[in-house]
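Let me begin by presenting the structure, written as structure tokens, before commenting on it.
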Amino acid sequence: MSAQPTSVAEALRVQDLLRPLADLVGPGPVAPATVAGLDVAYAEGGDRLAAAVTVLDTRTLRVVDQAVATGRPAFDYVPGLFAFRELPALLAALDRLTTRPEVLVCDGHGLAHPRRFGLACHLGVRTDLPAIGVGKTPLVGVWEPPGERRGAWSPLVDGTETVGRVLRTQDGVKPVFVSVGHRMSLANATELVLALASRYRLPETTRTADRLCRATLTGASPAARG
DNA sequence: GCGACAG
DNA sequence: ATCTTGTCGC
């Protein structure tokens with residue numbers, strides 16, 4: 001089977017094949033110097049997309065490198081198989097970076113997935129980089145609402161497993177869903193997301209990547225072909 | 001069987 | 001994801 005499946009059955013098998021390769025424990029870099037944000041935007045009609053990666057200096061939160069890749073969605077949108085849709089373009093964008101980020105912050109879940117292999121796990125395994133997932137809405141699991149203050153969190157539980165954390169990144173603002181992707185502990189992932197979401201609900205990494213891929217589709221940028 | 005369902 | 005108006009609040 002290929003890395004890019006053409007059917008649901010095949011996609012499920014790819015996940016089963018790659019899942020054992022994910023390291024869901026490793027502490028990961030305690031104080032990474034750089035962190036990458038990844039995001040994808042779709043053109044009206046959804047037949048075209050732009051994937052963006054921005055690399056930020058962890059301390060200053062300034063963008064130090066970035067890349068984009070445009071293309072077609074590689075798979076229909078199927079909850080649980082979402083990664084196959086955006087992965088090719090995201091990997092292409094990553095290839096265009098001139099630096100190698102120390103951690104990947106993905107727009108979607110990692111372990112918090114019905115088969116424990118969401119986009120963040122997939123990207124981590126395919127790049128062998130520490131990766132974490134930050135979702136805006138849940139895919140699996142149950143949780144108690146975390147405290148109202150920034151930094152408060154509660155475990156995200158699916159069945160008998162803790163698959164992530166529901167983290168409040170700003171006072172009184174809807175929480176985000178953090179889960180491990182690859183080579184990173186849940187505690188360190190939580191700490192990193194909180195540091196990156198210093199001012200807004202979402203981490204700066206995803207905010208900068210989001211702006212970049214949108215601007216690319218809008219045509220606001222000169223060099224943005226793929 | 002029916003609804004839910006990352007982006 | 002994308003399509004959309006007004007509205008509340010710093």
Side-chain angles (χ1 to χ4, degrees), chain A residues 8 11-12 14-15 18-19 22 24 37-54 68-93 104-126 131-143 148 150 156-159 161 163-167 169-182 186 189 193 198-203 205-220:
Chain A
V8 167
L12 293 172
V14 172
Q15 290 187 332
L18 298 181
R19 185 175 44 242
L24 282 8
L38 303 87
D39 193 25
V40 173
Y42 294 79
E44 320 124 57
D47 53 332
R48 196 89 192 149
L49 59 75
V53 185
T54 52
V68 296
T70 61
R72 297 263 171 198
F75 205 82
D76 288 331
Y77 172 66
V78 180
L81 298 180
F82 169 63
F84 297 103
R85 187 172 175 74
E86 304 188 338
L87 210 53
L90 286 170
L91 290 174
L104 264 30
V105 177
C106 310
D107 193 28
H109 300 100
L111 225 207
H113 175 278
R115 288 171 300 282
R116 308 292 181 260
F117 199 71
L119 174 65
C121 298
H122 211 138
L123 268 169
V125 166
R126 290 289 300 268
I132 66 176
V134 179
K136 295 181 287 293
T137 62
L139 175 59
V140 297
V142 295
W143 68 95
E148 289 299 314
R150 163 180 159 82
L156 176 62
V157 179
D158 190 30
E161 314 173 54
V163 297
R165 285 180 183 174
V166 182
L167 175 67
T169 54
Q170 293 296 323
D171 294 355
V173 166
K174 194 201 322 184
V176 298
F177 299 77
V178 179
S179 61
V180 169
H182 184 51
L186 182 53
V193 172
S198 57
R199 183 163 182 199
Y200 300 98
R201 178 192 177 222
L202 297 178
T205 38
T206 57
R207 286 170 49 78
T208 53
D210 179 79
R211 275 178 293 174
L212 179 55
C213 56
R214 284 195 199 205
T216 301
L217 283 183
T218 304

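A, B, ... follow the sequence lines: proteins, then strands. Residue 1 opens every chain.
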Partners meeting side-chain contact (heavy atoms from CB on, under 4.5 Å) with A:Ala120 (sequence neighbours left out): A:Cys106

Sugar-phosphate only, base, or nothing, as touched by A:Gly46 at under 4.0 Å among non-hydrogen atoms: nothing

Main-chain N/O of A:Thr137 paired to A:His109 side chain as donor or acceptor, under 3.5 Å: yes

Touch class at under 4.0 angstrom, heavy-atom based, for A:Phe82 against every strand present: base

Contact summary for A:Ile132 and A:Ala189, nearest pair of heavy atoms: CG2-CB, 3.6 Å

Between A:Glu86 and A:Tyr42: side-chain donor-acceptor atoms closer than 3.5 Å: yes

Leading and trailing nucleotides of DNA chain C with any atom under 4.0 Å from heavy atoms of chain A: C:dA1 to C:dC3

Residues that A:Phe75 engages under ring-ring contact (aromatic ring centres under 6.0 Å, His included), provided they are two or more places apart: A:Phe84

Sugar-phosphate, base or nothing in reach of A:Ala41, heavy atoms under 4.0 Å: sugar-phosphate

Dot-bracket line, read 5' to 3' along DNA chain B, where crossing pairs take [ ] and | marks a partner on another strand, Watson-Crick or G-U under 3.5 Å: .......

Results of side-chain contact (heavy atoms from CB on, under 4.5 Å) for A:Arg214 - residues two or more places apart only: A:Ala41, A:Asp210

side-chain contact (heavy atoms from CB on, under 4.5 Å) partners of A:Thr169, counting only residues at least two apart: A:Leu167, A:Val176, A:Val193, A:Ala197, A:Arg201

Sugar-phosphate only, base, or nothing, as touched by A:Pro73 at under 4.0 Å among non-hydrogen atoms: nothing

Side chain to side chain donor-acceptor pair (under 3.5 Å) partners for A:Asp107, two or more places apart: A:Lys136

Sugar-phosphate, base or nothing in reach of A:Gly133, heavy atoms under 4.0 Å: nothing

For A:Arg19, all residues meeting side-chain contact (heavy atoms from CB on, under 4.5 Å), sequence neighbours excluded: A:Asp16, A:Arg115, A:Arg116, A:Phe117

For A:Val125 against A:Leu18, the heavy-atom pair lying closest together: CG2-O, 4.4 Å

Within 6.0 angstrom of A:Arg199 CZ, more than 12 heavy atoms from elsewhere: no

Sugar-phosphate only, base, or nothing, as touched by A:Leu81 at under 4.0 Å among non-hydrogen atoms: base

Secondary structure string for DNA chain C (Watson-Crick or G-U under 3.5 angstrom, | for other-strand pairs): ..........

Partners meeting salt bridge (charged side-chain N to carboxylate O under 4.0 Å, His left out) with A:Arg150 (sequence neighbours left out): none

Side chain to side chain donor-acceptor pair (under 3.5 Å) against A:Ser179, all qualifying residues, sequence neighbours excluded: none

Range on DNA chain B touched by chain A - first to last nucleotide, heavy-atom distance under 4.0 Å: B:dC5 to B:dG7

